[in-house]
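Below is one structure, written out as structure tokens; the observations come after it.
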Amino acid sequence: MSDRSLPRPLLNRGLAGLGTTIFAEMSALAARTGAINLGQGFPDTDGPEEIREAAVRALRAGHGNQYPPGPGVPELRNAVAEHQHRFHGLTFDPDTEVLITTGATEAIAATMLALLEPGDEVIAFEPFYDSYAACIAMAGAVRVPLTLHAPAFRPDLDALRDAVTPRTRLLLLNSPHNPTGMVLTPAELATIAELAVERDLLVVTDEVYEHVVFEGEHIPLISLPGMRDRVVSISSAGKTFSFTGWKVGWVTAAAPLVTAVRTAKQYLTFVSGGPLQYAVAEALRLPDSYFTGFREDLRAKRDLLSAGLTAAGFEVHQPAGTYFITTDVAPLGEKDAITFCRALPERCGVVAVPNSVFYDHPTAGRTQVRFAFCKRVDVLAEAARRLRGL
Ligand code: PMP
Ligand code: GLN
């Protein structure tokens, strides 16, 4: 029997300790101090003007100003299916195998709530994107972290095999990986696919950086043998089109999985905002030159910032994908990433994010700090100049 005399905390147990996200904390710190914000991952320039105009046109034409259909507007579902075919050779039925969500964040939440029962185990590689821990907790499930170790952050696939138990329900994968920039190789994907079949696991793949790969290529796990019916693939327009505030994401998967996720989504947001869906449909149909230009622009920025960080004395782990660079601050004599990041704006006018908060293991990543390079060249150059003064 519970002891009624003890005050019960307001926040449910699963969310205890999750507090304010590190991204919100660090962006608030940047706003307060006027420092250059290389913390939270958002571009400082908006995406293509014609896509912004498409959003204005949709609003004016009254497209989506009233509740759009639950699975998303057909124009966007068709465009998502076309995009999956054009870039990855995958075929999805836009009516039954595509679901539009409020960003990848809602897709992840709805997927966890739909597929997990209390006590189910979810294996994910740490450091993990912050919403994973929260969503697994909200579903009452248990996260099982497997550490990616510097400098290469390659997954230990033997450890992965050993981590699977009879309670393991799903693997939650993110490639290209935020924050480390690791991109899973074809061989790693093949091993993961074999394991998923052998142990009858579902796999959720967070692919929001699918178009930000500098080394190798992005291969959706769902394209591998045996994966079409057990993978929920998640992506979003935020990163690819530099409109992170629009919060348009999507799920592509076999119909029974999409139906399950849609069931949860219906009671989270019912439907996602309408007019921007029409604009994202146009964005997904931009010519190849847009996607190549976007990636090459980011490659140059990656190289600029990583040279600056190296010159400033950081150990730099060059990312193969994403627009983040993970560094180690130990060579600067630092012992704790959180302390370092909280003091950095005062010390030199730059904001970064401590990777240590993305680990369950308390000592892993203790001196790792992430810098975002989705910023203007002059901003990155100025940040590098300031960091050199450390
Ligand atoms: N997953 C990862 C790995 C991310 O970095 C982000 C941030 N864009 C998201 C999910 C959330 O994406 P969205 O903004 O579309 O909700
Ligand atoms: N995905 C972004 C990042 O990793 C932030 C998104 C957020 O603030 N939740 O920085």
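The figures that follow rest on heavy atoms only: side chains count, while hydrogens, waters and symmetry mates do not. Just follow the structure's listing: the first ligand is 1, and inside any ligand the first atom is 1.
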Every pair of nitrogen or oxygen atoms between ligand 2 and the protein that is under 3.5 angstrom apart - can you list them with their distances to 0.1 Å?
{"residue": "ligand 2", "atom": "1 (N)", "partner": "Tyr129", "partner atom": "OH", "Å": "3.4"}
{"residue": "ligand 2", "atom": "1 (N)", "partner": "Lys239", "partner atom": "NZ", "Å": "3.2"}
{"residue": "ligand 2", "atom": "4 (O)", "partner": "Asn178", "partner atom": "ND2", "Å": "2.9"}
{"residue": "ligand 2", "atom": "4 (O)", "partner": "Arg370", "partner atom": "NH1", "Å": "2.9"}
{"residue": "ligand 2", "atom": "8 (O)", "partner": "Gln40", "partner atom": "NE2", "Å": "2.7"}
{"residue": "ligand 2", "atom": "9 (N)", "partner": "Tyr129", "partner atom": "OH", "Å": "3.1"}
{"residue": "ligand 2", "atom": "10 (O)", "partner": "Gly41", "partner atom": "N", "Å": "2.6"}
{"residue": "ligand 2", "atom": "10 (O)", "partner": "Arg370", "partner atom": "NH2", "Å": "2.6"}

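- From Lys239, atom NZ reaches atom CZ of Phe294 across 9.5 Å, with rounding to the nearest 0.5 Å.
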Could you pull out the N/O contacts under 3.5 angstrom between ligand 1 and the surrounding protein atoms?
{"residue": "ligand 1", "atom": "1 (N)", "partner": "Asp206", "partner atom": "OD1", "Å": "3.4"}
{"residue": "ligand 1", "atom": "1 (N)", "partner": "Asp206", "partner atom": "OD2", "Å": "2.5"}
{"residue": "ligand 1", "atom": "5 (O)", "partner": "Asn178", "partner atom": "ND2", "Å": "2.8"}
{"residue": "ligand 1", "atom": "5 (O)", "partner": "Tyr209", "partner atom": "OH", "Å": "2.6"}
{"residue": "ligand 1", "atom": "8 (N)", "partner": "Lys239", "partner atom": "NZ", "Å": "2.9"}
{"residue": "ligand 1", "atom": "14 (O)", "partner": "Lys247", "partner atom": "NZ", "Å": "3.2"}
{"residue": "ligand 1", "atom": "15 (O)", "partner": "Ala104", "partner atom": "N", "Å": "2.8"}
{"residue": "ligand 1", "atom": "15 (O)", "partner": "Ser236", "partner atom": "OG", "Å": "2.6"}
{"residue": "ligand 1", "atom": "16 (O)", "partner": "Ala104", "partner atom": "N", "Å": "3.1"}
{"residue": "ligand 1", "atom": "16 (O)", "partner": "Thr105", "partner atom": "N", "Å": "2.9"}
{"residue": "ligand 1", "atom": "16 (O)", "partner": "Thr105", "partner atom": "OG1", "Å": "2.5"}
{"residue": "ligand 1", "atom": "16 (O)", "partner": "Lys247", "partner atom": "NZ", "Å": "2.6"}

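- His88 and Glu210 share a donor-acceptor pair across their side chains, judged by distance under 3.5 Å alone.
- Ser272 and Lys265 share a side-chain donor-acceptor pair at under 3.5 Å.
- A salt bridge is absent between Arg285 and Glu282; no separation between the charged side-chain nitrogens and carboxylate oxygens falls under 4.0 Å.
- Annotation: cation-pi pair Lys375/Phe42 present, NZ/CZ under 6.0 Å from the ring centroid and within 45° of its normal.
- Here His317 pairs with Phe153 under the ring pair (Phe, Tyr, Trp, His ring centres under 6.0 Å) rule; sequence neighbours left out.
- In this pair, Tyr129 and Tyr132 present their aromatic rings perpendicular. The plane angle is above 60°, beyond the 30 to 60° band.
- With side-chain heavy atoms closer than 4.5 Å counting as contact, directly or through intermediates, the hydrophobic cluster containing Val213 also holds Val183.
- Residues Leu284 and Ile234 do not share a hydrophobic cluster, clusters being chains of Ile/Leu/Val/Met/Phe/Trp/Tyr side chains in contact below 4.5 Å.
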